[in-house]
Peer 1: 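One structure, as structure tokens, below. Some questions next.
Atoms considered below: every heavy atom in the structure, side chains included; atoms not considered: hydrogens, waters and symmetry mates. Computed from a predicted model, the values in this text were never measured in an experiment.
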Amino acid sequence: MTVTDVRPADPAAKPVAPLLELRDVTRHYKTGRRFPAGHRSVVRAVDGVDLTIGHRESVGVVGESGCGKSTLARIVVGLEQPSEGQVLFEGHDVAELRGVDRREWRRQVQLVFQDPYSSLDPRMTVGELVGEPFEIHDDVVPRNKRRARVQELLELVGLNAGHVDRYPHEFSGGQRQRIGIARGIALSPRLLVCDEPVSALDVSVRAQVINLLLDLQEELGLSYLFIAHDLQIVRHVSNRLLTMYLGKVVETGEVTRVYDRPAHPYTKALLSAAPELRADRPGRDRILLQGDPPSPIGTEPGCRFRSRCWMAQDVCAEVAPDLSPVGGTDQLSRCHFREDVVDGGRGPRGRPHRHTP
């Protein structure tokens with residue numbers, strides 16, 4: 001098996017296999033404490049996630065801190081190994097790749113980190129930082145042409161090629177993230193995993209970085225796994241959306257459908273908290289969730305969201321809902337009352353808690 005860098009001649013042609021596929025992937029961590037004696041608790045950071053990313057497609061992942069988004073990103077790029085399940089790249093199980101094939105796969109999937117201040121070594125110049133992937137994959141660019149290639153990459157992300165010998169502290173936060181993006185695309189990857197790439201930036205420069213990512217996708221044919229807290233950014237960038245809660249995907253579907261007609265109470269609450277900037281779209285009624293998410297340690301039966309859900313009934317404490325279609329569409333929701341959520345039902349607990357100005 002050889003993972004190639006040859007993209008389809010016709011962008012509209014459908015490849016035989018998705019670019020990336022996760023099948024029932026879990027990542028569990030054993031805690032150090034033993035109580036009772038001889039027993040170690042397990043933290044279920046990622047718990048049975050299915051994910052598909054097509055060629056030139058963007059998939060957004062949203063959810064509260066601690067829901068498993070970053071762990072999922074680390075599994076996709078190979079920094080974490082799944083406890084169970086499969087990660088497939090163009091139909092090939094990456095756990096079975098060896099030697100040249102595994103090296104090629106690592107080149108095809110790259111990561112853009114969240115914090116542009118801590119992800120760049122302050123002792124290295126921009127040229128060294130962006131060119132470092134060429135030291136590891138030394139067959140990509142000849143040594144005598146690497147400096148010129150780094151300068152091309154800097155220009156591609158909107159930076160001055162003449163600044164190749166400067167250090168990170170000489171750049172603003174937005175410029176540093178552009179450097180991180182240049183490093184991420186240096187090896188001409190097929191998939192770029194963006195783990196909250198704009199959350200550490202000022203609001204004034206977020207749009208610039210997002211537009212840069214969209215331009216690069218169009219020019220280079222990239223696919224994105226885009227993780228963010230800002231739901232308006234995710235809507236702007238993504239084709240499909242996944243909502244995660246305590247390690248599980250609770251809703252997924254085409255991004256416009258999920259935003260317009262959410263079918264899980266958690267997604268609905270997240271969307272209600274996102275400011276609506278367009279005048280032609282009325283704001284949603286604010287839903288304030290009560291309490292904190294339960295501990296990811298343990299295996300309590302039923303729905304994991306029930307302790308915070310205004311629609312919970314007895315069945316929610318007894319039976320864990322499956323990820324099931326909503327109204328015969330490709331939108332999926334892990335809720336017993338998904339159709340009622342779409343229709344605006346309130347459930348036996350009455351109306352959700354509202355924000356009072």
Side-chain angles (χ1 to χ4, degrees), residues 1-8 15-27 45-46 49-61 68-82 85-114 119 129-141 153 156-157 177 179-197 212-214 216-228 237-240 242 244:
M1 170 266 174
T2 300
V3 180
T4 66
D5 190 34
V6 179
R7 300 183 177 92
V16 175
L19 182 64
L20 180 81
E21 187 176 2
L22 272 60
R23 296 180 179 173
D24 199 21
V25 167
T26 68
R27 185 64 175 105
V46 174
V49 169
D50 293 318
L51 168 68
T52 300
I53 302 178
H55 294 252
R56 301 172 183 262
E57 184 182 31
S58 297
V59 176
V61 182
K69 303 188 304 296
S70 293
T71 302
L72 183 68
R74 293 173 66 85
I75 289 173
V76 170
V77 299
L79 295 178
E80 295 270 1
Q81 300 302 315
Q86 289 181 297
V87 179
L88 296 94
F89 189 82
E90 293 191 320
H92 301 281
D93 190 339
V94 301
E96 298 178 356
L97 300 181
R98 299 291 184 272
V100 175
D101 291 335
R102 187 167 185 83
R103 180 183 177 89
E104 181 67 13
W105 163 70
R106 297 298 290 261
R107 183 174 77 84
Q108 300 287 357
V109 183
Q110 296 293 311
L111 176 66
V112 175
F113 292 94
Q114 174 179 355
S119 62
L129 288 165
V130 177
E132 188 175 25
F134 302 142
E135 299 294 330
I136 301 171
H137 298 266
D138 54 8
D139 58 332
V140 175
V141 179
L153 289 167
L156 188 60
V157 299
Q177 194 60 295
I179 295 170
I181 294 171
R183 183 171 62 177
I185 65 174
L187 298 175
S188 301
R190 308 281 291 283
L191 174 64
L192 199 61
V193 179
C194 302
D195 187 6
E196 302 199 41
L212 170 63
L213 290 171
L214 292 174
L216 291 174
Q217 182 177 37
E218 180 69 21
E219 183 172 350
L220 305 178
L222 292 168
S223 296
Y224 288 138
L225 178 62
F226 195 91
I227 296 170
V237 171
S238 305
N239 305 116
R240 289 189 295 114
L242 274 77
M244 290 189 66

Peer 1: Look only at the side chain of Y224 and the backbone of L214, and say whether a donor-acceptor pair between them is shorter than 3.5 Å.
Peer 2: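 No; judged by distance alone, with no hydrogens or angles, the pair does not exist.
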Peer 1: Check whether R107 reaches the backbone of H137 with its side chain - one donor and one acceptor, N or O, closer than 3.5 Å.
Peer 2: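 A pair under 3.5 Å: no.
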Peer 1: Where do V46 and G68 come nearest, in terms of heavy atoms and distance?
Peer 2: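 In this case the closest contact between V46 and G68 is CG2-O, 3.8 Å.
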Peer 1: Spell out, as yes or no, whether a donor-acceptor pair under 3.5 Å connects the side chain of S58 to the backbone of S238.
Peer 2: no
Peer 1: Please check: side-chain N/O of Q217 versus main-chain N/O of L222, any donor-acceptor pairing under 3.5 Å?
Peer 2: yes
Peer 1: Output yes when R56 and E218 qualify as a salt bridge under the 4.0 Å nitrogen-oxygen rule, no when they do not.
Peer 2: no
Peer 1: Applying side-chain contact (heavy atoms from CB on, under 4.5 Å) between L22 and each of L72, L88, D50, report the one that passes.
Peer 2: L72
Peer 1: Could you pull out the closest heavy-atom pair between P82 and V87, with the gap in Å?
Peer 2: CG-CG2, 4.4 Å
Peer 1: Would the distance check show the side chain of Q177 and the main-chain N or O of P197 forming a donor-acceptor pair, the cut-off being under 3.5 Å?
Peer 2: yes
Peer 1: Has T71 got a side-chain atom pairing as donor or acceptor with A45's backbone, closer than 3.5 angstrom?
Peer 2: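 Not at all, since once roles are kept as given, no pair shorter than 3.5 Å links the two residues.
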Peer 1: Quick one: do R23 and E21 make a salt bridge, cutoff under 4.0 Å?
Peer 2: yes
Peer 1: Could you grab the distance from atom CD1 of I136 to atom CG of D138, nearest 0.5 Å is fine?
Peer 2: 10.0 Å
Peer 1: What I'd like to find out is whether the side chain of R102 reaches to under 4.5 Å of the side chain of R106, using heavy atoms alone.
Peer 2: yes
Peer 1: Applying side-chain contact (heavy atoms from CB on, under 4.5 Å) between R190 and each of L20, L220, L19, report the one that passes.
Peer 2: L19
Peer 1: Under the criterion side-chain contact (heavy atoms from CB on, under 4.5 Å), which of V59, V109, L191 is the partner of S223?
Peer 2: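 Result: among V59, V109, L191, L191 is the only option passing the side-chain contact (heavy atoms from CB on, under 4.5 Å) with S223.
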Peer 1: Mind listing the closest non-hydrogen atom pair of Q108 and P189 along with its distance?
Peer 2: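 So the two residues come closest at O-CB, 3.4 Å.
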Peer 1: Looking at G91 and A17, what are the two nearest heavy atoms and their distance?
Peer 2: N-CB, 3.9 Å
Peer 1: Counting distance only, does the side-chain N/O of D195 pair as donor-acceptor with the main-chain N or O of S70 below 3.5 Å?
Peer 2: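 Between the backbone of S70 and the side chain of D195 there is no qualifying donor-acceptor contact (under 3.5 Å).
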Peer 1: Scan side-chain atoms only and decide if N239 and E57 contain a donor-acceptor pair under the 3.5 Å cut-off.
Peer 2: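 The answer is no; no qualifying pair exists.
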Peer 1: Counting C-beta onward and ignoring hydrogens, is there a side-chain heavy-atom pair between R183 and S119 closer than 4.5 Å?
Peer 2: yes
